[in-house]
Amino acid sequence: MSDTEALSAVYDVRRIDFDRSILDQLEAGDDVILVDWELESPDPRGVLDALSQNAPSTPILVVTSDVPTDDPIDRGADEYLVTPVSAEKLRSTIDRLVLQHAYQEAMSEYFRLATERALLENEREAGVDVDERYEQVVADLHEWRERADSIRGEFSRDGFDRALRRLLSE
């Protein structure tokens, strides 16, 4: 079984058609983008630059045959693996990136709701009738906090540290 077949058994895998624009083939639901650093055409560095600009929240995993001199992380990749890579290592890396992404999204929404709650509290103190919206935001805030806590519980210590560093760097 090839690596692609092994991944397809666990994940929904799509291959990019290099005869069409890569950017036109991105989908909002993409969980992870896997880039082969050994591509000759198109240049993987340009692909990473474009993906970082056009799919900034989608985790990018680079696979390379040797430790690259031009670091993919500096170009926007979230992780890279040097081949040969076991199917288990590839799966665990993808799973960790998906988990990190889910945690980042949950925390971003939590912070957005916390900011909205603070604004609504100020408006309430000023006599503005925002009670219904305030109650909804408080309920949503609680839900997103529970979601983030649940995701956090799935992390290893190292995985959580990486997710937190990435969240704080944004």
Side-chain angles (χ1 to χ4, degrees), residues 1-112 143-170:
M1 178 181 289
S2 72
D3 289 343
T4 302
E5 290 170 332
L7 286 176
S8 295
V10 179
Y11 306 102
D12 182 20
V13 176
R14 286 183 303 109
R15 288 181 158 258
I16 296 297
D17 177 3
F18 292 123
D19 292 331
R20 297 180 23 223
S21 168
I22 293 170
L23 299 179
D24 288 345
Q25 297 176 69
L26 294 177
E27 293 182 6
D30 291 338
D31 292 320
V32 174
I33 299 171
L34 186 74
V35 175
D36 181 353
W37 201 243
E38 308 306 317
L39 285 174
E40 291 182 22
S41 179
D43 177 36
R45 288 143 197 87
V47 170
L48 267 187
D49 292 344
L51 292 173
S52 295
Q53 293 296 314
N54 292 281
S57 65
T58 304
I60 301 170
L61 172 60
V62 169
V63 178
T64 180
S65 64
D66 198 4
V67 176
T69 55
D70 186 11
D71 191 351
I73 304 299
D74 291 341
R75 298 203 74 125
D78 295 280
E79 185 76 59
Y80 74 86
L81 297 173
V82 177
T83 59
V85 178
S86 71
E88 179 55 36
K89 176 67 176 172
L90 186 58
R91 276 195 302 272
S92 69
T93 301
I94 291 171
D95 289 344
R96 181 177 44 76
L97 290 172
V98 168
L99 195 59
Q100 285 175 337
H101 180 68
Y103 184 72
Q104 287 172 260
E105 284 187 330
M107 290 305 296
S108 292
E109 183 62 11
Y110 175 78
F111 290 137
R112 187 196 67 75
E143 178 184 324
W144 280 98
R145 176 60 189 246
E146 286 182 349
R147 187 176 299 178
D149 287 345
S150 173
I151 294 168
R152 182 180 179 196
E154 295 181 43
F155 277 113
S156 66
R157 172 118 176 114
D158 181 54
F160 178 71
D161 288 347
R162 286 181 187 204
L164 189 58
R165 277 194 305 275
R166 180 171 170 125
L167 184 64
L168 294 174
S169 72
E170 292 181 350

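The shown structure was predicted, so the numbers you read here are calculated from the model rather than taken from an experiment.
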Side chain to side chain contact (heavy atoms under 4.5 Å, CB included) assessment of His101 paired with Asp31: CA-CA 8 Å; His101 180 68; Asp31 292 320; 5.6 Å; no

Under 3.5 Å side-chain donor-acceptor pair for Glu79 and Thr93: no

Enumerate the salt bridge (Lys or Arg N to Asp or Glu O under 4.0 Å) contacts for residues 58-70, please, sequence neighbours excluded, ordered by first and then second residue. Arg45-Asp70, Asp70-Arg75

When rounded to the nearest 0.5 Å, the distance separating CH2 of Trp37 from CG of Leu81 is 13.5 Å

Between Glu105 and Ser57, a side-chain donor and acceptor under 3.5 Å: no

Shortest non-hydrogen contact from Ala55 toward Ile33: CB-CD1, 4.3 Å

Please tell me if the side chains of Asp36 and Val63 come closer than 4.5 Å, counting only heavy atoms from C-beta onward. no

Sub-4.5 Å side-chain heavy-atom contact between Thr58 and Val32: no

Mind checking the CH2-CZ spacing from Trp144 to Arg112? Nearest 0.5 Å is all I need. 9.0 Å

Is the backbone of Val82 close enough, under 3.5 Å, to the side chain of Thr64 for a donor and an acceptor to pair up by distance? no

Backbone N or O of Glu88 within a donor-acceptor pair of the Ser92 side chain at under 3.5 Å? yes

Between Val47, Leu97, Leu51, which is the residue that forms a side-chain contact (heavy atoms from CB on, under 4.5 Å) with Ile60? Leu51

Tyr103 side, atom OH; Ser108 side, atom OG - distance, nearest 0.5 Å: 10.5 Å

Met107 CE to Ile151 CD1 distance, which is reported to the nearest 0.5 Å: 10.0 Å

Leu61 side, atom CG; Arg96 side, atom CZ - distance, nearest 0.5 Å: 8.5 Å

Val67 and Tyr80: CA distance, side-chain angles, deciding distance, side chain to side chain contact (heavy atoms under 4.5 Å, CB included) verdict: CA-CA 9 Å; Val67 176; Tyr80 74 86; 3.7 Å; yes

Is Arg91 salt-bridged to Asp95, cutoff N-O under 4.0 Å? no

Who are the salt bridge (charged side-chain N to carboxylate O under 4.0 Å, His left out) partners of Glu143, not counting sequence neighbours? Arg147

For a side chain to side chain contact (heavy atoms under 4.5 Å, CB included) check, start with the C-alpha distance between Leu48 and Val62, then their side-chain angles and the critical distance, and finish with the verdict. CA-CA 9 Å; Leu48 267 187; Val62 169; 4.0 Å; yes

Please find the pair of heavy atoms, one from Gly76 and one from Ser52, that lie closest to each other, and give the distance. CA-OG, 3.3 Å

